[in-house]
Amino acid sequence: MDKIARVNMTERKVTVEPLPEKYKGKGGRWLSSLMVSDEVPAGCHPLGPNNKLVFAPGILTGTRAPNSGRISVGGKSPLTGGIKEANAGTPFSQQLARMGYAALVVEGLVTDDTRWLLKLDINGGELLPAEDLKDKGAYESGNLIWEKYGEKTPFVVNGPAGEAKMAMAGLAFNDPEGRAARYAGRGGLGAVMGSKGLKAIILDDKDAPGVKPHDEEMLRAGQKKVADAILSHDITKKGGGLNSYGTAVLVNILNEAGGFPTNNFRSGVFEGASKISGEALAEAAEKRGGAGTMGHRCHPGCIINCSTVYAKEDGSEHVSSVEYESVWSLGANCGIDNLDHVAELIWLCNDLGIDTIEAGVMLGVAMEAGLAEFGDGPKAIELLKELYKRTPLGHILGQGAQFTGEAYGVTRIPTVKRQGMPAYEPRAVKGIGVTYITSTMGADHTAGYTIAPEILSVGGSSEPLSTKDKIGLSKAFQQTTAFIDAAGYCLFIAFPILDIPSGFDGVVETVNGMLGTNYTGDDVTRIGDEILRLERDFNIRAGIGKEADRPPEFMRYEKLPPHNVVWDISDEELDSFWDK
Amino acid sequence: MEVTVVLFATLMRYHPQGEKNKPITMELPEGATINDLIERLGIGENEAKQAFIRHKSRPFDYKLEEGDRVAIFPPVAGG
Ligand code: SF4
């Protein structure tokens, strides 16, 4: 991975350049955030000519290290106004790495209403007219790409919401079967790609050189340690919780803990939780048969297989994947306990090309505003369809939860830095609240998943309702996560490596084997911290400083049942997050 | 005393009537703990990771009270 591809949409030119010294040995979020920070003026309009999109495979992506097929996409977010990196697991990332690209940068924009497809090969490639894909759903776009360019062609596509520059648009990468369903969802990067006139990117990997590790043996030894940890840990092993029930295995436990946001964050308990749980998904897969699958994977090389395929009553495929975050946002958060309605909402999000978390938080706020009753699945489906029609209402909703709430005078808007909160109630689980509030990304659970010790008793245990030491806890998680994101590993490897020290050693060893570095455990924290601070620096330059590291006000005075607690970590403590 | 138990995920196979996560009503002697209950259900050692009563995770030596509803989980995670 020693080169960068650059696509200039203004000049419609594709060039390849050697990877500058400064960027060598970096990958994933480390590289995407660094390049955005270096190349994108922090004050630019996210949809204007000066914003860029950076696609970067992880340091280990393309190797045989387990679960390492992640891609990081960076840019300035039209949702938060700050830096954004969203990532996804997809064969696309593995191919991009094997083609020798450390990064692909999309810059400039077309000034007319045309659509383009980038066909990237090892020498650069070309921009092709893509009028045939204009305003097509992400699913159909993916299908058309496989028809035209051959099965297995790795792709990333934008849905109609991204083309309409809606701030909750994400980017859909292909899964192994060609579904446009693996999302770099958060923060509106689909709108950025839409603003540039780029509808899709496909890879032609002819004569791809592959990735060359510095020390093959060390890489292999590390890889084995990581794999052994994954396959021996109860959560990630074959037949374990994630593999058998998918990520939605979390529904019941969060609900029992009183931390499962319900009806737009009015309560921490949802009566219909068990109906939208991983257990319910597994039961549906068993009963309905047909396409229904548990233990699906987002890219070859994943040995956990947490993904799912949900089938309709008649066994035909409805949607993949049904994740915890999505059944929560489009289910419990909207008071909807009908799994078929939730599946349809997920399908619509995937086809429109929008983030399921933001969509569900937006719908919760829309229900708060009286646009639908809580629990009304069919009406929620109708509301999402407004986005296809591009009605004024569709454009309002497409901007996300914060904008929708502002448009309708709602005070209960669960966002931080204008990004919708994920599926954990910060008043009931304080550490994750610190992550939501301090993350450079806006409310984002993946940035520092303190749920592991606070709820799941993984990697130690920490009382969820206590405010004690939560700043430090979140910080440690955010630093380690940034490193895992840089390496290109799926975040779920964190569960086994938090509990099994040799697994953690394996992570460091794989990176060292790949790069020829001598990193130790301390470097994981140091590098993670460096990444967080460079993102923070971008945000400050963009005008998003500590004043934005705050919870939504209603959480300070509205007691959340069943624990009847408010947000009670002070602003001063929150500000101390960034102390060295 | 009578308590209600709900089993989740991979523990559902220990339901005495094979009814997955349908609540189980159990009669236990006064002073019985979560550990006793886990043993009574035949759940293997280390298979149960957490038990929630009234929305809090309780240690397994927690003494049960009449009418408690106990939710028992194996190790789970997601995101
Ligand atoms: S565990 Fe899930 S998200 Fe992670 S790589 Fe595997 S299928 Fe993808």
Side-chain angles (χ1 to χ4, degrees), chain A residues 233-237 239-260 268-269 274 277-280 282-283 306 323-325 422-424 428 445-446 449 451-452 454-459 461 463-465 490-492 494-496 498-499 561-563, chain B residues 2-26 33-35 37-39 41-79:
Chain A
H233 195 280
D234 285 326
I235 286 170
T236 45
K237 68 185 182 191
L242 265 176
N243 178 242
S244 309
Y245 300 100
T247 53
V249 71
L250 282 180
V251 167
N252 285 309
I253 196 164
L254 261 300
N255 197 50
E256 290 297 334
F260 194 50
V269 184
S274 67
S277 65
E279 287 88 336
E283 193 175 325
C306 79
E323 301 286 344
Y324 171 65
E325 286 299 331
Y424 313 87
H445 62 298
T446 64
Y449 196 69
I451 296 301
E454 292 187 284
I455 299 289
L456 310 173
S457 278
V458 172
S461 81
E463 162 59 36
L465 292 164
C490 164
L491 203 49
F492 294 156
F495 300 124
L498 278 166
D499 283 338
H563 293 294
Chain B
E2 203 176 86
V3 301
T4 312
V5 185
V6 194
L7 303 174
F8 293 100
T10 46
L11 296 185
M12 294 191 300
R13 66 170 182 273
Y14 292 104
H15 193 291
Q17 285 84 41
E19 292 182 83
K20 298 197 165 169
N21 58 8
K22 209 168 153 201
I24 308 159
T25 309
M26 286 174 77
T33 64
I34 295 173
N35 263 327
L37 193 155
I38 288 172
E39 201 175 306
L41 286 164
I43 297 173
E45 213 176 326
N46 299 328
E47 276 194 77
K49 175 96 173 172
Q50 295 204 76
F52 286 81
I53 301 173
R54 290 184 298 283
H55 303 296
K56 283 196 173 175
S57 178
R58 312 285 176 176
F60 285 1
D61 59 4
Y62 180 88
K63 281 204 179 54
L64 298 166
E65 286 167 33
E66 171 70 33
D68 273 348
R69 179 182 166 284
V70 192
I72 309 181
F73 292 88
V76 292

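Note: hydrogens, waters and symmetry copies are ignored here, and every other heavy atom, side chains too, is used. In what follows, every chain begins at residue 1, and chains take the letters A, B, ... in the order their sequences are listed. Please read these numbers as outputs of a predicted model, since none were measured by experiment.
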State whether the number of non-hydrogen atoms from other residues, nucleotides or ligands found under 6.0 Å of Glu19(B) atom CD is greater than 12.
yes
Atom group of His233(A) that falls short of 4.5 Å from chain B, counting heavy atoms
neither
Region of Thr10(B) in contact with chain A, defined by heavy-atom distances below 4.5 Å
both
Side chains of Phe8(B) and Val249(A): does their closest heavy-atom pair fall under 4.5 Å?
no
Identify which part of Leu456(A) has an atom lying under 4.5 Å from any heavy atom of chain B, answering side chain, backbone, both or neither.
both
Can you give me the closest heavy-atom contact between Gly78(B) and Phe492(A), atom names plus distance?
O-CE2, 3.4 Å
Nearest heavy-atom pair of Phe52(B) and Ile253(A): which atoms, and what distance?
CE1-CG1, 3.5 Å
Got a second to check how far Asp234(A)'s CG is from Asn46(B)'s CG, nearest 0.5 Å?
8.0 Å
With distance as the sole test, does His55(B) use its side chain to make a donor-acceptor pair with the main-chain N or O of Glu256(A) at under 3.5 Å?
yes
Side-chain heavy atoms of Glu279(A) within contact of Lys20(B), under 4.5 Å
no
Shortest non-hydrogen contact between Gly79(B) and Glu325(A), atoms and distance
O-CG, 3.5 Å
As an exercise: rank Thr236(A), Thr247(A), Leu250(A) by heavy-atom pairs under 4.5 Å with chain B and give me the winner.
Leu250(A)
Quick check on Pro74(B) against chain A: is it the side chain, the backbone, both or neither that has a heavy atom closer than 4.5 Å?
neither
Please classify the contact of Leu465(A) with chain B as side chain, backbone, both or neither, using a heavy-atom distance under 4.5 Å.
side chain
When the 4.5 angstrom heavy-atom criterion is applied to Thr446(A) and chain B, the contacting part is neither
Heavy-atom donor-acceptor pair, Tyr245(A) side chain to Ala9(B) backbone, under 3.5 Å
yes
Contacting moiety of Phe73(B), where chain A heavy atoms sit under 4.5 Å
side chain
Atom pair NZ (Lys49(B)) and OG (Ser457(A)), whose distance is rounded to the nearest 0.5 Å
5.5 Å
